[in-house]
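Notes for the one structure printed next.
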Amino acid sequence: MPITHPSFGSLEPDRVIIFDTTLRDGEQSPGFSMNLEEKLRMAEMLAELGVDVIEAGFPIASPGDFEAVQAIARRFAKSGPVICGLARTAPADILRAAEAIRPAARKRIHTFVSTSPLHMRVKLRMEPEAVLELVTASVTLARNHAEDVEWSAEDGTRTEPDFLCRCVEAAIKAGATTINIPDTVGYALPADITRIFTMLRERVPGADQVILSTHNHNDLGLAVANSLAALQAGARQIECTINGIGERAGNAALEEAVMAIRTRHDALPLQNGIRTQKLLAASRLLAAITGFDVQPNKAIVGRNAFAHESGIHQDGVLKDASTYEIMTPESVGWTTNSLVLGKHSGRAAFRDRLKALGYELGENQLNDAFRRFKELADRKKVVYDEDIAALVDDEVHRHNDRVKLTALTVATGMGAKPMATLTLEVDGERRDGMATGDGAVDATFNAIRNAFPHDVALKLFAVQSVTGGTDAQARVTVRLEENGKLVDGQGADTDTIVASARAYVHALNKLLVKRERRAPPAAAAQ
Ligand code: KIV
Ligand code: ZN
């Protein structure tokens with residue numbers, strides 16, 4: 001039987017709601033923080049991808065979080081996905097979330113409380129009956145501010161079954177329209193998830209009138225498997241993130257869950273609204289914004305996900321791709337043409353290639369990227385897709401950075417102390433720096449600190465080649481630490497020292513964003 005939902009109207013029993021929490025559960029994990037403009041760009045990409053709900057943030061956590069959720073809600077003021085704000089049970093949390101999402105055409109408040117014996121005793125220091133009262137009070141308040149309310153049982157998979165049923169029943173009675181059971185610590189096995197959802201459907205009055213939702217963390221590498229088990233047991237919302245980013249080992253990866261549903265329609269005869277050809281573009285945009293690439297063997301969006309190395313496999317694929325491919329690379333956004341442009345290629349060809357790679361740039365961004373492409377093509381005979389992606393990620397996605405590298409010269413040689421001279425632009429103001437060091441990279445980083453004094457620890461410096469050949473671009477990752485907070489920055493260039501400087505400056509910009517954020521107030525008893 002279809003159910004009627006305030007945001008989606010009549011929902012067929014086979015329709016799965018894709019709830020994306022990249023900007024909330026994903027963004028709060030170490031090194032993945034985004035500024036407002038980056039969050040907006042990501043939200044637009046998620047809307048293009050066709051997600052049903054964007055969890056845009058946790059508005060009470062900081063003024064920055066509130067502004068980002070509100071800006072995303074404004075962006076989708078006329079139409080678009082449901083915009084969701086997270087709140088604990090305290091009235092201040094719920095009112096802040098309600099205020100942030102108000103401009104959106106379709107909106108949801110997501111309120112949660114811990115229900116497991118361990119969390120209630122240690123974290124909340126509350127008796128179960130008091131928690132049950134909080135469930136009713138928080139959902140009731142949320143319903144006064146939004147028709148669409150989701151309630152989550154934090155640490156739900158480690159919650160005592162009878163108590164979980166009572167909490168879910170209370171939330172439904174108070175007006176929740178989606179009930180989410182998180183595997184907060186990534187502990188559950190698929191069989192546990194099956195048991196929990198089957199139990200809720202059998203025992204809780206009204207469970208057939210709400211959307212049951214699953215939210216899985218990947219500590220045992222089971223987040224996607226658990227999400228699929230939940231669907232098979234009757235859940236109709238999956239909470240997931242692009243590239244599986246999220247707390248600790250991450251959340252269920254959206255691209256994996258969606259492609260499992262599509263590829264195994266025989267076992268999961270379900271529908272969703274995702275435009276799968278955009279999956280790669282969404283993955284790349286997130287990697288570019290955060291500076292974290294996915295590993296090469298990552299399902300769906302990793303560099304090797306459709307690469308066939310063994311001769312036997314290559315032979316099979318040439319005869320009939322379905323011998324070794326369970327889905328087509330094109331269905332998730334990969335293009336077959338990988339060797340592309342050179343120094344004679346024009347702006348139109350460059351723009352076409354960017355489009356095929358999933359980048360839609362405005363005129364100014366396109367001009368910046370094209371200028372750097374020409375510089376690169378002068379130094380490199382053949383420019384590959386990977387080069388273009390590295391270049392665009394490096395240049396265009398950083399144009400709002402407070403600190404920019406505008407010039408760099410390094411003098412080095414055998415027996416000579418390397419010396420770096422550089423110019424930064426900090427909030428539009430020119431700053432020059434000069435320093436020596438134990439090697440060219442060390443001298444460069446010292447010169448950055450000389451131009452823009454700051455006190456952070458360098459935790460990682462790694463260099464990778466984007467493609468083959470001595471003219472290949474280097475992609476450098478720099479990890480910095482300040483007050484226990486880690487950030488990763490990336491930079492690419494055919495000159496390894498320039499790439500290193502770009503990576504350091506990128507990480508520095510991310511630290512500046514972090515500094516601007518304030519710690520969440522201890523507003524609620526959670
Ligand atoms: O993992 C979790 O329990 C959460 C909740 C806030 C939904 O992210
Ligand atoms: Zn979570």
Side-chain angles (χ1 to χ4, degrees), residues 17-30 32 53-61 65 69 82 84-90 93-94 96-97 100-101 108-120 122-124 131 134-135 138-139 142 148-159 163-164 167-168 171 176-188 192-193 196-197 200 210-224 226-227 230 235 237-254 257 520 523-526:
I17 301 299
I18 303 295
F19 176 109
D20 182 277
T21 185
T22 305
L23 296 174
R24 199 279 298 171
D25 219 348
E27 202 258 353
Q28 73 192 35
S29 57
F32 282 90
V53 184
I54 295 177
E55 187 164 50
F58 187 12
I60 194 108
D65 269 52
V69 177
V82 174
C84 173
L86 182 70
R88 292 166 294 187
T89 52
D93 270 48
I94 294 171
R96 195 82 173 136
I101 60 169
R108 170 179 300 186
I109 297 176
H110 176 190
T111 180
F112 71 100
V113 68
S114 291
T115 52
S116 67
L118 180 66
H119 277 220
M120 290 192 291
V122 176
K123 205 178 91 164
L124 301 182
V131 171
L134 271 185
V135 173
S138 56
V139 174
D148 181 343
V149 170
E150 172 171 333
W151 177 76
S152 286
E154 191 185 4
D155 207 16
T157 55
R158 293 194 298 174
T159 296
F163 186 62
L164 185 63
C167 288
V168 169
T177 48
T178 296
I179 297 291
N180 182 42
I181 310 297
D183 183 27
T184 303
V185 290
Y187 174 77
D192 299 323
I193 299 285
I196 290 170
F197 281 90
L200 294 178
V210 296
I211 298 176
L212 296 181
S213 166
T214 187
H215 174 116
N216 296 289
H217 282 271
N218 207 28
D219 301 66
L220 294 174
L222 292 171
V224 172
N226 285 344
S227 305
Q237 173 174 287
I238 301 188
E239 302 201 349
C240 44
T241 59
I242 301 294
N243 296 344
I245 70 167
E247 285 283 1
R248 307 179 308 278
N251 289 57
L254 182 151
Q526 286 179 44

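Start at 1 with the first residue, then count along the sequence. Both ligands and their constituent atoms are indexed starting at 1 by order of listing.
Note: no N/O pair closer than 3.5 Å links D155 and ligand 1 by distance alone. The N/O atoms of D25, backbone and side chain alike, include one that comes under 3.5 Å of an N/O atom in ligand 1.
The Zn ion (ligand 2) lies closest to atom OD2 when only the N/O/S atoms of D25 are considered.
Under a 3.5 Å cut-off, the side chain of T22 and the backbone N or O of I242 do form a donor-acceptor pair. A donor-acceptor contact shorter than 3.5 Å links the side chain of N218 to the backbone of A223.
No hydrogens or angles considered: nothing links the side chains of D155 and S114 as a donor-acceptor pair under 3.5 Å. One side chain, N216 or T214, offers a donor N or O that lies under 3.5 Å from an acceptor on the other.
Per-residue contacts place H217 under 4.0 angstrom from the following atoms of ligand 1 (heavy atoms of the residue considered): 1 (O). Set against the non-hydrogen atoms of P182, the atoms of ligand 1 under 4.0 Å away are 2 (C), 3 (O), 7 (C).
Minimum interatomic distance between E150 and F19 (heavy atoms only, all atoms of both residues): OE1-CE1, 3.3 Å. Here the shortest heavy-atom pairing between A230 and F197 reads CB-CE1, 3.8 Å.
When the heavy-atom distances from atom 6 (C) of ligand 1 to E154, H215, R24 are ranked, the shortest goes to R24.
In this structure, atom 3 (O) of ligand 1 lies nearest to the protein heavy atom T184 OG1, 2.6 Å.
Residue contacts with ligand 1 include H110, since one of its heavy atoms falls under 4.0 Å from the ligand.
A side-chain contact (heavy atoms from CB on, under 4.5 Å) with T89 holds for exactly one of L124, V113, V139; it is V113.
Rounded to 10°, the angle that NE2 of H217 and NE2 of H215 form at the Zn ion (ligand 2) is 100°.
For residue E239, no N/O/S atom approaches the Zn ion (ligand 2) to within less than 2.8 Å.
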